[in-house]
Amino acid sequence: MTTYQLKAPTGSYDVLDLDDFTLAEQLGNEELVEALMSASMNNTPLSSLWHANVACSYFGNAKAQGYDISISGSFLVLNQTALKVLKPQLESFGEFLPISVEGDAYVLFNCLTFGKEQKSLCLTRYLEGIEDGIDSLVFDESDVQDKLIFKSKLQGASAFYCNGAFKALLGEHSLSGVTFDEELLEPF
């Protein structure tokens, strides 16, 4: 079984011009900034804080890209085409949060699923005796084989990973906006 890291296409723009501070303001509580910054790692559901009036602008030329799926921080941004295809498939792996981008309806997918790492094959990097990231990441195939999309605790929950079924689903429906990298820790 192959596991992939989801990435934005080379040279693409982030779709949302939205940061945690602005989002906290829109959710009506500026003290949420810290919680939003750690939400992915803490697997924090946001639906109870969310409301339908969350809005932002496109970043740069993102609208012209016309992608169905984009990665924006700890969220996948889905247009309505991607939402119709993916919502039934991803419901058990996270939550869907509506957002308006310059009047266009999108949904943020907040992934609430971790993949179990095969720790005996993962290599932790140390700098002067202090943990400083990981050099090798391997998931337990029996755990992730039925998880279409997931995160890694060891990696800090700052990337999305998927199995071949998710890749095939996007290909089958010609959904654009992400690439699949077998190098699980490659940042670019």
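Every value quoted in this text rests on a predicted model; they were computed, and no experiment measured them.
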Pairs where residues 175-188 contributes a residue and the test side-chain hydrogen bond (donor to acceptor under 3.5 Å, both in side chains) is met, not counting sequence neighbours = Lys7-Asp181, Asp68-Ser176
Are Leu170 and Phe93 grouped together when hydrophobic residues (ILVMFWY) are joined by side-chain heavy atoms under 4.5 angstrom apart?
-> yes
If we only count heavy atoms from C-beta on, is the Leu148 to Asn163 side-chain gap below 4.5 Å?
-> yes
Between Leu27 and Val54, the two heavy atoms sitting closest are CD2-CG2, 3.8 Å
Sorted by chain and residue number, the salt bridge (charged side-chain N to carboxylate O under 4.0 Å, His left out) partners of Lys87 (sequence neighbours excluded) come out as none
Keeping to residues at least two apart or across chains, list the side-chain hydrogen bond (donor to acceptor under 3.5 Å, both in side chains) pairs with something in residues 145-155.
-> Asn43-Lys151, Glu117-Ser152, Asp143-Lys147, Gln155-Ser158
Counterpart residues, salt bridge (charged side-chain N to carboxylate O under 4.0 Å, His left out), relative to Asp104 (two or more places apart) | Lys63
Could you list all the ring pair (Phe, Tyr, Trp, His ring centres under 6.0 Å) pairs where at least one residue sits in residues 35-70, not counting sequence neighbours?
-> none
Phe96: what forms a ring-ring contact (aromatic ring centres under 6.0 Å, His included) with it, not counting sequence neighbours?
-> Phe109
Please, which pairs that meet side-chain hydrogen bond (donor to acceptor under 3.5 Å, both in side chains) have at least one residue in residues 165-175, sequence neighbours excluded?
-> none
Just how far is it from atom NZ of Lys84 to atom CG of Leu78, taken to the nearest 0.5 Å?
-> 13.0 Å
For residues 69-76, run the donor-acceptor check on the side chains, cut-off 3.5 Å, and write out each pair with its distance to 0.1 Å, sequence neighbours left out.
none

Leu23 and side chain to side chain contact (heavy atoms under 4.5 Å, CB included): which partner among Leu46, Leu32, Leu36?
-> Leu36
By ring-ring contact (aromatic ring centres under 6.0 Å, His included), which residues pair with Phe180, not counting sequence neighbours?
-> Tyr4
Would you say Gln5's side chain and Leu184's backbone share a donor-acceptor pair under 3.5 angstrom?
-> yes
Sorted by first residue and then second, give each ring pair (Phe, Tyr, Trp, His ring centres under 6.0 Å) pair with at least one member in residues 129-149; sequence neighbours left out.
-> Phe139-Phe150, Phe139-Tyr161
Between the side chain of Asp14 and the main-chain N/O of Leu16, is any donor-acceptor distance below 3.5 Å?
-> no
Provide the full list of side-chain hydrogen bond (donor to acceptor under 3.5 Å, both in side chains) pairs with a residue in residues 20-33, sequence neighbours left out, each pair given once.
-> Asp19-Thr22
Please write out which residues are connected to Val33 in a hydrophobic cluster, directly or through intermediates, given that two of Ile, Leu, Val, Met, Phe, Trp, Tyr count as joined at side-chain heavy-atom separations below 4.5 angstrom.
-> Phe21, Met37
Between Leu185 and Asp135, is a side-chain contact (heavy atoms from CB on, under 4.5 Å) present by the stated rule, with each step listed?
-> CA-CA 8 Å; Leu185 295 174; Asp135 286 327; 5.6 Å; no
Counting only N and O atoms by type, is there a donor-acceptor contact under 3.5 Å from the side chain of Asn42 to the main-chain atoms of Thr44?
-> no
Could you walk me through whether Leu108 and Val77 pass the side-chain contact (heavy atoms from CB on, under 4.5 Å) test, one step at a time?
-> CA-CA 5 Å; Leu108 302 181; Val77 183; 3.7 Å; yes
